[in-house]
There are 2 protein chains.
Amino acid sequence: MSDNRLSRQTAFLTEADKLKTIFRRTLLTDASRRENTAEHSWHIILTAMVLREYAAEPLNFDRVLEMLAAHDLVEIDADDTFAYDVEGAKTRADRERRAADRLFGMLPPDLGAKLRALWEEFEAHETPEAHFANAVDRFQPFLQNLATEGGTWRIYHPTREQVLRRMDPIRTALPALWTFVRASIEQFFSSME
Amino acid sequence: MSDNRLSRQTAFLTEADKLKTIFRRTLLTDASRRENTAEHSWHIILTAMVLREYAAEPLNFDRVLEMLAAHDLVEIDADDTFAYDVEGAKTRADRERRAADRLFGMLPPDLGAKLRALWEEFEAHETPEAHFANAVDRFQPFLQNLATEGGTWRIYHPTREQVLRRMDPIRTALPALWTFVRASIEQFFSSME
């Protein structure tokens, strides 16, 4: 171990603390405040552990967990882009790529490349692990919304079609949950009419 | 899948949200507030991923990550017991056991038993995975303290010996880091004299 290697690792871990100051739109279940991205990242890891049995494809589960822990780090520089923010979506990829350059670049090259690959795999939606991780990343805020009378759906007024499209990774990667998810969304939007 | 099984899983995941309202003594690196246990749980998972190469023993890494995600859930009922709280330590095991009964009891029995076993394994400090997980759980707040001019050491005045004893899992499970950890602690306490 070189001291330089360890000091890069500890500097990265200290920098990662900033993810606790990045706030998403999703509310806590007691509606007292918005959720930050660090605690969201933990919650989707727990969600993956609890819902693993419903995965549509065989998974390298270690990689799922690591992907979920790493995939939102770019928000330290790029901030959270709300799911239904059309303007923000136009610049998101560029902002996040610059963030990835800086943040993963803090690590020793082998480790930085490994974490960056996990982030890219999540974003590309191509592997079974990315399908499952994206589905879990949708299902956790869905549950938070159910617990807060619609949560972000009630506050920001996305359309029923936008929400169903946003939840679509659940339909394919966690198909056994889709009846419940779709029925809950239909019920919420019917109650709003 | 029975609907009852899924509803127990979603009720548990919704209840787990409360871990975001449990506050530890550790400060964020900008010293703006104390860290909550959910974001701490994410940060130790990232720490495990970044420091894995220094593990003293071969690891089932999937189990390390799941153990880190699950081991502090009991704090939802039992609250965080500060590392240097002598009175709290006397009742901690009993409070946490009751919490485990309730929280893991919300899940379908097979899943509840699996998560409870991870918590018990962490607490027993006997397996390579538990050694490593405990070391990581000590190293992350150590880094937060370094970033905040001593952090909890400065605010709550544990003795040098208490801190070195608290950090001892690092000496055995992450031995390559011990020189750095011990030197940093010695330097902090020397600066306080």
Side-chain angles (χ1 to χ4, degrees), chain A residues 1 3 5-7 9-10 12-21 28-30 32-33 35-54 60-66 68-70 73 107-108 110-111 114-115 118 139-140 143-144 146-147 176-177 179-180, chain B residues 1 3 5-7 9-10 12-21 28-30 32-33 35-54 60-66 68-70 72-73 107 110-111 114-115 118 139-140 143-144 146-147 176-177 179-180:
Chain A
M1 178 191 75
D3 284 353
R5 183 170 175 88
L6 179 58
S7 67
Q9 289 162 310
T10 59
F12 171 83
L13 289 171
T14 300
E15 183 73 7
D17 176 80
K18 292 180 180 167
L19 201 60
K20 301 165 192 168
T21 68
L28 298 198
T29 56
D30 65 4
S32 60
R33 64 167 172 84
E35 175 186 61
N36 72 55
T37 304
E39 56 199 9
H40 163 72
S41 296
W42 164 75
H43 208 175
I44 55 179
I45 287 167
L46 191 70
T47 302
M49 289 164 56
V50 167
L51 301 181
R52 177 180 185 175
E53 70 197 67
Y54 304 120
N60 177 334
F61 203 62
D62 176 341
R63 203 160 87 249
V64 168
L65 298 179
E66 297 202 47
L68 290 169
L73 278 164
L107 283 166
D110 58 316
L111 260 179
K114 185 185 166 184
L115 266 66
L118 288 168
F139 189 74
Q140 180 265 342
L143 279 186
Q144 301 287 117
L146 289 196
L177 274 60
T179 301
F180 164 59
Chain B
M1 178 192 74
D3 283 353
R5 183 170 175 88
L6 178 59
S7 66
Q9 289 162 311
T10 59
F12 172 82
L13 289 170
T14 299
E15 182 74 8
D17 176 79
K18 293 181 180 167
L19 201 60
K20 301 166 192 168
T21 67
L28 298 198
T29 56
D30 65 4
S32 59
R33 63 168 172 84
E35 175 186 61
N36 72 55
T37 304
E39 57 200 8
H40 162 72
S41 296
W42 163 76
H43 207 174
I44 56 178
I45 287 168
L46 191 70
T47 302
M49 289 163 57
V50 168
L51 301 181
R52 178 180 184 174
E53 69 198 68
Y54 304 119
N60 177 335
F61 203 62
D62 176 342
R63 204 162 85 248
V64 169
L65 298 179
E66 297 203 46
L68 290 170
D72 267 341
L73 278 164
L107 284 166
D110 59 318
L111 260 179
K114 185 185 166 186
L115 266 66
L118 288 168
F139 189 73
Q140 181 264 344
L143 279 186
Q144 302 286 118
L146 289 196
L177 274 60
T179 301
F180 164 58

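Quick note: numbers below take in every heavy atom, side chains included, and nothing from hydrogens, waters or symmetry partners. Letters A, B, ... are given to chains in the order of the sequence lines, protein chains preceding strands, and every chain is numbered from 1.
- Ranked by heavy-atom pairs shorter than 4.5 Å toward chain A, the options B:Leu107, B:Thr37, B:Leu111, B:Thr21 are led by B:Leu111.
- B:Arg5 contributes atom CZ, which lies 4.0 Å from atom CD of A:Glu53 (distance to the nearest 0.5 angstrom).
- In this structure A:Asp30 satisfies the side-chain hydrogen bond (donor to acceptor under 3.5 Å, both in side chains) test together with A:Ser32, sequence neighbours excluded.
- Scanning all heavy atoms of the two residues, the minimum distance from B:Arg33 to A:Lys20 falls at NH2-O, 3.1 Å.
- At a 4.5 Å heavy-atom cutoff, A:Leu68 makes no contact with chain B through either its backbone or its side chain.
- No part of A:Arg63 comes within reach of chain B, as not one of its non-hydrogen atoms sits under 4.5 angstrom from that chain.
- In this structure, the portions of A:Leu46 lying under 4.5 Å from any heavy atom of chain B include both its backbone and its side chain.
- Here the side chain of A:Glu39 pairs no donor or acceptor atom with the backbone of B:Glu39 at under 3.5 angstrom.
- With a threshold of 4.5 angstrom between heavy atoms, A:Gln140 approaches chain B through side-chain atoms but not through N, CA, C or O.
- Distance alone, capped at 3.5 Å, is enough to place a donor-acceptor pair between the A:Trp42 side chain and the B:Ala69 backbone.
- The side chain to side chain contact (heavy atoms under 4.5 Å, CB included) with B:Asp62 is formed by just one residue from the set A:Asn60, A:Val64, A:Leu65; it is A:Leu65.
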Assess whether side-chain contact (heavy atoms from CB on, under 4.5 Å) is satisfied between A:Lys114 and B:Met49, documenting all intermediate values.
-> CA-CA 10 Å; A:Lys114 185 185 166 184; B:Met49 289 163 57; over 6 Å; no
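- Heavy-atom distances place both the backbone and the side chain of A:Leu28 under 4.5 Å from chain B.
- Neither the backbone nor the side chain of B:Leu146 comes within contact range of chain A; no heavy atom of the residue lies under 4.5 Å from a heavy atom of that chain.
- Only the side chain of B:Gln144 comes within contact range of chain A, judged by heavy atoms closer than 4.5 Å.
- For A:Ala147, the part sitting under 4.5 Å from any heavy atom of chain B is the side chain, from C-beta outward, and nothing else.
- Contacts between B:Ile44 and chain A at a heavy-atom distance below 4.5 Å are absent for every atom of the residue.
- Taking OG1 from B:Thr10 and CG from A:Leu143, the interatomic distance works out to 6.0 Å, rounded to the nearest 0.5 Å.
- Atom-to-atom distance recorded for A:His43:NE2 and B:Leu19:CG is 9.0 Å, nearest 0.5 angstrom.
- Both the backbone and the side chain of B:Leu13 come within contact range of chain A, each with at least one heavy atom under 4.5 Å from a heavy atom of that chain.
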